[in-house]
2 protein chains.
Amino acid sequence: MAAVVLDRQSVVPLYFQIQQRLSEQIRSGELKPGELVPSEQEISARLRVSRMTARQALKSLCSRGLAYSQRGKGTFVSRMKLEKNFRQLLSFSEEMKDRGSRPRSKVLAFKRIHPDEEVAEALHLGPAEEVIFLRRVRIADSAPLCIEAANLPARLCPELLERFEPSGSLYRELAEHYGLQVHMADEVAEASVATGAEAKLLRVRRRSPVFRFTRTAYLHTGQPIEFVESTYRGDRCKVVNRLTRHLEIVS
Amino acid sequence: MAAVVLDRQSVVPLYFQIQQRLSEQIRSGELKPGELVPSEQEISARLRVSRMTARQALKSLCSRGLAYSQRGKGTFVSRMKLEKNFRQLLSFSEEMKDRGSRPRSKVLAFKRIHPDEEVAEALHLGPAEEVIFLRRVRIADSAPLCIEAANLPARLCPELLERFEPSGSLYRELAEHYGLQVHMADEVAEASVATGAEAKLLRVRRRSPVFRFTRTAYLHTGQPIEFVESTYRGDRCKVVNRLTRHLEIVS
DNA sequence: AAGTGGTCTAGACCACTCG
DNA sequence: GAGTGGTCTAGACCACTTG
């Protein structure tokens with residue numbers, strides 16, 4: 001928080017520049033867990049911004065989980081260990097790259113079909129609407145990790161069958177060619193054991209532990225864009241969550 | 001958003017009163033999914049508050065997932081179905097009451113012990129610090145649901161052994177007698193199969209599917225307050241999550 | 001008493017969307 | 001061009017925490 005100056009011509013908002021600088025200081029260890037972050041007044045004075053802007057920077061820092069505020073005391077660097085990608089929605093490809101693995105896929109099916117009722121309901125489809133169906137075995141570090149069956153409304157991604165290379169990243173394709181940004185997803189996980197067919201594809205013994213996931217992904221408007229059912233090897237993955245006690249987070 | 005007036009003498013902030021009114025209109029169906037929420041300017045004019053206050057009310061609404069904003073277009077009622085207690089941290093007792101079940105517990109152990117290394121690390125304990133250890137079978141609707149083993153720093157809840165009725169709600173006890181509010185938790189879930197001993201306690205067959213959870217709960221300061229290992233019957237529970245794509249939620 | 005975050009005001013300019 | 005949300009300013013009063 002020294003005599004560094006802000007770029008007031010930049011398209012990057014001031015509060016965001018400040019938040020990024022503080023994040024950097026926390027990550028580098030310059031600001032340690034439990035320590036006081038510069039106060040609103042201090043930021044305001046040193047960086048010559050209004051107090052509301054300083055405040056917005058600190059709120060942004062808190063909402064990212066890097067700090068927390070206490071009335072009358074100050075804002076402190078959070079003591080939580082921040083796992084990377086905690087609670088973040090990532091595609092399989094992104095997740096694997098994050099871990100330093102090279103993701104691969106074996107495509108089992110890629111076609112346009114009439115969906116069953118569960119899929120049609122989850123995707124809010126009209127009566128005769130079709131979906132693009134993509135079923136793949138996902139491979140990480142030369143061993144199968146999961147079987148994944150995705151359904152997308154055909155209406156929202158025309159010519160996906162012709163255009164998309166089905167072993168690649170679906171989320172990237174949706175974003176780059178259709179402007180469809182996945183914003184959030186609801187996911188249900190169950191504990192189960194592998195069927196004979198699954199065991200063969202996943203190269204495990206029959207009745208080995210597996211996770212079964214059912215995921216519906218949405219655009220930020222609430223439009224469902226993808227319904228996925230997947231089966232993960234229980235010995236190769238964990239589900240990591242961060243739970244908060246109050247949804248009533250005020251601003 | 002009619003001619004209702006705000007209570008300017010109330011200790012409840014104006015932006016919160018406005019947010020609550022809008023939430024109420026959404027819940028009651030007066031504002032329907034996909035519809036426009038009154039704009040910042042409109043709220044500002046009708047309720048005679050500054051635009052920043054109106055803005056704070058709308059942001060608060062968005063952060064609760066009830067609405068979303070689009071630059072240049074407006075703020076819309078979210079189309080997501082809002083499941084109750086989605087992503088919320090609940091104690092077993094609270095969760096069961098929410099579902100309309102009467103929770104019961106069979107206490108297997110309740111004592112003060114020296115923790116192993118994993119527990120000591122998770123709870124940030126000093127060298128010789130002890131924990132309160134509580135192991136219970138949790139029962140819902142007359143059938144076992146899970147085995148739960150909790151560890152709490154003895155330093156933070158002195159006389160818990162003497163005071164607490166171990167079949168009751170631990171979170172309530174922590175809040176009411178020690179002023180310790182659980183704020184968030186990190187949780188890891190694994191898919192596995194029941195051991196012989198677990199199968200007996202849970203009344204299922206050996207090698208039945210189970211979830212194994214490891215949870216560390218924190219106060220809002222980041223102080224760890226509880227470390228729990230639990231084993232849930234796979235046939236009696238699901239894990240429901242809401243994932244968001246960007247952690248970079250700005251304010 | 002001094003410092004902190006929480007709330008609030010009354011303006012301002014901008015980029016964006018839509019008709 | 002009119003309306004929207006995104007950012008920013010320069011003040012203000014308050015409740016809370018700590019010395």
Side-chain angles (χ1 to χ4, degrees), chain A residues 1 5-20 22 34-63 66-78 179 181 220-221 246 248-251, chain B residues 1 5-20 22 34-63 66-78 179 181 220-221 246 248-251:
Chain A
M1 188 52 54
V5 286
L6 299 172
D7 181 358
R8 298 187 111 90
Q9 314 312 321
S10 169
V11 291
V12 180
L14 291 177
Y15 81 87
F16 196 75
Q17 294 182 42
I18 299 170
Q19 184 255 91
Q20 282 187 310
L22 291 170
E35 278 184 4
L36 268 171
V37 174
S39 72
E40 298 175 355
Q41 290 85 336
E42 195 174 341
I43 293 173
S44 169
R46 293 214 198 178
L47 297 181
R48 310 296 179 89
V49 295
S50 79
R51 205 193 122 199
M52 286 300 281
T53 301
R55 178 173 176 71
Q56 196 174 3
L58 289 179
K59 272 192 148 181
S60 165
L61 200 65
C62 291
S63 78
L66 292 170
Y68 61 95
S69 290
Q70 286 188 333
R71 194 191 189 110
K73 295 180 77 172
T75 302
F76 302 84
V77 178
S78 176
Q181 299 272 357
H220 78 134
T221 57
H246 298 291
E248 315 283 346
I249 298 166
V250 172
S251 164
Chain B
M1 188 52 55
V5 285
L6 299 172
D7 181 358
R8 299 187 111 90
Q9 314 314 321
S10 168
V11 292
V12 180
L14 291 178
Y15 81 87
F16 196 74
Q17 293 182 42
I18 299 169
Q19 185 256 87
Q20 282 186 309
L22 292 169
E35 279 185 3
L36 268 171
V37 174
S39 72
E40 298 176 357
Q41 290 84 339
E42 196 174 340
I43 293 172
S44 169
R46 293 214 199 179
L47 297 181
R48 310 296 179 88
V49 295
S50 79
R51 205 193 123 200
M52 286 300 282
T53 301
R55 179 175 175 70
Q56 196 176 3
L58 289 179
K59 273 193 149 181
S60 165
L61 200 65
C62 291
S63 78
L66 291 171
Y68 60 95
S69 290
Q70 286 188 334
R71 193 192 190 109
K73 295 180 77 172
T75 302
F76 301 85
V77 178
S78 175
Q181 300 273 356
H220 80 131
T221 56
H246 297 292
E248 315 283 346
I249 297 168
V250 172
S251 164

| Start at the 5' end of DNA chain D and walk down; is the nucleotide closest to B:Val37 or to B:Met52 reached first? | B:Val37
| Starting at the 5' end of DNA chain D and moving along, which residue's nearest nucleotide shows up first, A:Thr53 or A:Lys73? | A:Thr53
Can you see if the side chain of [X] gets near the phosphate of [N] - specifically, an N or O under 4.0 Å from OP1 or OP2?
X       : N     : answer
A:Gln56 : D:dT7 : yes
A:Tyr15 : D:dT7 : yes
A:Ser39 : C:dT4 : yes
B:Thr75 : D:dG5 : yes

What is the separation between atom [atom1] on [X] and atom [atom2] on [N], rounded to the nearest whole Å?
X       : N      : atom1 : atom2 : value
B:Gln9  : D:dC14 : CD    : C1'   : 14 Å
B:Phe16 : C:dC8  : CZ    : C1'   : 17 Å
A:Tyr68 : C:dG6  : OH    : C1'   : 18 Å
B:Glu35 : D:dT4  : CD    : C1'   : 18 Å
A:Leu36 : D:dT18 : CG    : C1'   : 12 Å
A:Leu47 : D:dC8  : CG    : C1'   : 14 Å
A:Lys59 : D:dT7  : NZ    : C1'   : 15 Å
B:Glu40 : D:dC8  : CD    : P     : 15 Å

| task | Measure from the side-chain N and O atoms of B:Ser44 to the backbone N and O of B:Val49, and report whether any donor-acceptor pair falls under 3.5 Å. | result |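 Yes, the answer is positive, given that a donor and an acceptor are paired below the 3.5 Å cut-off.
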Considering only side-chain heavy atoms of [X], which listed nucleotide, [options], is closest?
X       : options               : value
A:Leu14 : D:dT9, C:dG5, C:dT7   : D:dT9
A:Arg51 : D:dC13, D:dA10, D:dT7 : D:dC13
A:Arg71 : D:dT17, D:dA15, D:dT9 : D:dA15

| query | Between CD1 of A:Ile43 and OG1 of A:Thr53, what distance do you get to the nearest 0.5 Å? | reply | 10.5 Å
| query | So how far is it from B:Arg8 CZ to B:Arg48 CZ, rounded to the nearest 0.5 Å? | reply | 9.0 Å
| message | Do B:Gln56 and B:Lys59 make a side-chain contact, defined as non-hydrogen atoms from C-beta onward lying under 4.5 Å apart? | response | no
| message | Regarding B:Gln41, tell me which of base, sugar-phosphate or nothing describes its non-hydrogen contacts under 4.0 Å with the strands shown. | response |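 Counting heavy atoms under 4.0 Å across all strands, the contact made by B:Gln41 includes a base.
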| For DNA chain C, whose closest nucleotide is more 5', that of A:Gly72 or that of A:Arg55? | A:Gly72
| said: Evaluate B:Asp7 against B:Val12 for side-chain contact (heavy atoms from CB on, under 4.5 Å), listing each step before the verdict. | reply: CA-CA 8 Å; B:Asp7 181 358; B:Val12 180; over 6 Å; no
